[in-house]
Amino acid sequence: MARLTHDMPLPEARGLELGPGNNPVPLPEGVSVTYIDHALDAGAGLLDAMPIDQAWAGSGSLAALLGTEPNDFAIAAQVAQYVPNLLGWLRGIHEVLRPGGVLNLSLPDKRFMFDATRPASTLAELVEADLLNLERPSPRQIFAHASEVRAIAPADIWDGADPAGATRLSGDDAMGHAYREASAALAAGRYVSCHCWVFTPESFLGLVAGATQLGLFPFVLNRIGATVVGGFEFYVSMRRDAEADPEALRRLQDGAIDYLSRGLVQQHRSAALLAGR
């Protein structure tokens with residue numbers, strides 16, 4: 001809770017939660033929240049799903065949908081990995097925050113959950129999704145998820161189990177199933193929920209560094225935390241800085257990435273000691 005509300009002006013604030021499902025972040029009274037997902041019926045089938053105020057898939061202007069009144073914060077808990085166009089999604093959120101406003105994320109660390117055997121996402125993949133202006137997962141994203149996700153729990157991995165030895169969630173015909181799922185979704189123009197992106201804390205920082213060099217990442221990072229022993233997620237906080245000059249923002253971001261990279265090294269050393277490794 002503290003990580004997802006980092007730098008929010010509590011107890012009164014105005015902001016967004018993206019992809020709340022049926023488990024929105026419990027915020028104090030006085031906080032005004034607009035709930036956003038890729039479709040108004042995104043929670044269909046979930047018991048007690050939170051009603052969605054605005055449908056936005058992550059490509060195109062979010063400000064055009066919400067209006068010009070700025071927000072203090074945005075929260076996305078275990079959501080960003082599902083967004084087809086991650087760079088476009090981040091840009092859209094950035095434009096509706098006030099200077100000093102924050103976006104707080106929790107993200108799955110692929111090493112400790114069912115994505116463990118998948119390679120980390122690349123900058124090329126991020127750029128491709130942005131140039132294509134994806135509003136639903138691409139055939140590649142669907143196939144990569146459906147063909148490789150494993151039936152393994154975080155606790156098993158922390159106990160030393162090899163994810164490569166775990167069965168695929170789609171069974172023995174995982175590759176065939178994945179191909180059929182991807183081709184059917186493409187033919188029907190259907191939205192298929194899947195992990196479009198896979199990260200570790202370090203790989204996420206690397207993607208931010210590359211996107212910053214391309215001028216495609218508008219935020220400045222505040223904080224990133226390594227995955228705790230026994231867990232499967234890490235937290236990231238970033239801000240819409242009051243600085244508007246692109247070169248000054250680039251220097252701020254470069255400094256933040258360097259500082260946070262060194263911090264991750266120390267956090268991993270501490271985690272390894274705690275895990276007895």
Side-chain angles (χ1 to χ4, degrees), residues 18-19 21 36-39 41-46 55-60 62 76-93 103 105-152 163-164 166-171 173-208 210-211 214 216-217 232-234 236:
L18 295 106
I36 298 172
D37 213 321
H38 71 90
D41 62 351
L46 294 175
W56 180 61
S59 287
L62 182 56
Q78 292 291 319
V79 171
Q81 67 270 23
Y82 291 99
V83 177
N85 178 7
L86 186 58
L87 292 175
W89 184 76
L90 290 168
R91 259 194 324 272
I93 296 169
L103 168 61
L105 307 174
S106 69
L107 298 166
D109 185 332
K110 80 173 198 75
R111 298 169 298 178
F112 304 111
M113 35 78 69
F114 56 67
D115 284 325
T117 60
R118 294 179 61 185
S121 298
T122 67
L123 183 61
E125 292 166 351
L126 283 183
V127 169
E128 176 191 52
D130 197 26
L131 291 175
L132 292 174
N133 213 29
L134 293 181
E135 293 190 341
R136 58 179 180 269
S138 70
R140 180 191 59 75
Q141 291 170 336
I142 296 169
F143 182 88
H145 173 94
S147 65
E148 193 54 44
V149 290
R150 303 287 174 140
I152 192 166
T167 59
R168 288 175 167 85
L169 279 178
S170 297
D173 187 35
M175 302 287 251
H177 164 79
Y179 183 82
R180 292 189 294 273
E181 184 79 0
S183 56
L186 178 64
R190 180 164 49 91
Y191 190 103
V192 174
S193 181
C194 66
H195 279 200
C196 300
W197 311 106
V198 289
F199 313 108
T200 67
E202 291 82 4
S203 77
F204 183 83
L205 268 183
L207 292 175
V208 169
L214 292 170
L216 298 175
F217 189 87
F232 70 95
E233 63 184 350
F234 62 100
V236 182

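These figures come from a predicted structure and were not determined experimentally.
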For Tyr82 and Leu18: C-alpha separation, side-chain torsions, deciding distance, then whether side chain to side chain contact (heavy atoms under 4.5 Å, CB included) applies. CA-CA 11 Å; Tyr82 291 99; Leu18 295 106; over 6 Å; no

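Atom CZ of Arg118 sits about 11.5 Å away from atom CZ of Arg150, to the nearest 0.5 Å. The distance from atom NE2 of His38 to atom OG of Ser193, rounded to the nearest 0.5 Å, is 6.5 Å. Here CG of Leu87 is found 12.0 Å from CD of Glu128. Values are rounded to the nearest 0.5 Å. A distance of 13.5 Å separates OH of Tyr179 from CG of Asp173, quoted to the nearest 0.5 Å. Separating the CH2 atom in Trp197 from the CG atom in Leu126 is a distance of 4.5 Å, to the nearest 0.5 Å. Atom OG1 of Thr117 and atom CD1 of Ile152 lie 9.5 Å apart (nearest 0.5 Å).
Between Leu186 and Ile142 there is no side-chain heavy-atom pair separated by less than 4.5 Å. Annotation: side chain of Arg91 is in contact with side chain of Asp130 (closest heavy-atom distance under 4.5 Å). Residues Leu214 and Leu123 form a side-chain contact, since some pair of their non-hydrogen atoms from C-beta on lies under 4.5 Å apart. Considering only heavy atoms from C-beta on, Cys196 stays 4.5 Å or farther from Val83 through its side chain. Inter-residue side-chain proximity for Leu62 and Ile36 is flagged as met; some heavy-atom pair is nearer than 4.5 Å. Contact check for Pro108 versus Gln78: side-chain heavy atoms found under the 4.5 Å cut-off. Between Met175 and Phe143, the closest side-chain pair of non-hydrogen atoms falls below 4.5 Å. Asp115 has its side chain within reach of Val149: a pair of non-hydrogen atoms, C-beta onward, lies under 4.5 Å apart.
Taking the six-membered ring wherever Trp is involved, the centroid distance between the rings of Phe114 and His195 falls below 6.0 Å.
For Phe199, the ring pair (Phe, Tyr, Trp, His ring centres under 6.0 Å) criterion is met by Phe204, not counting sequence neighbours.
In terms of modelled atom types and a separation under 3.5 Å, the side chain of Lys110 and the main chain of Ala120 share no donor-acceptor contact. For the pair Arg168 (side chain) and Ser147 (backbone), a donor-acceptor distance under 3.5 Å is present.
More than 12 heavy atoms of other residues, nucleotides or ligands lie within 6.0 Å of OH in Tyr191, so this atom counts as buried by the packing criterion.
The nearest pair of heavy atoms linking Gly19 to Asp37 is CA-OD2, 3.4 Å. Taking both residues in full, the closest heavy atoms of Val79 and Trp89 are given as CG1-CZ2, 4.2 Å, listed atom of the first, atom of the second, then distance.
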Enumerate, atom names and distances included, each donor-acceptor pair closer than 3.5 Å involving a side-chain atom of residues 132-139, sequence neighbours excluded.
residue: Asn133; atom: OD1; partner: Ser59; partner atom: OG; Å: 3.4
residue: Ser138; atom: OG; partner: Arg140; partner atom: N; Å: 3.4
residue: Ser138; atom: OG; partner: Gln141; partner atom: N; Å: 3.1

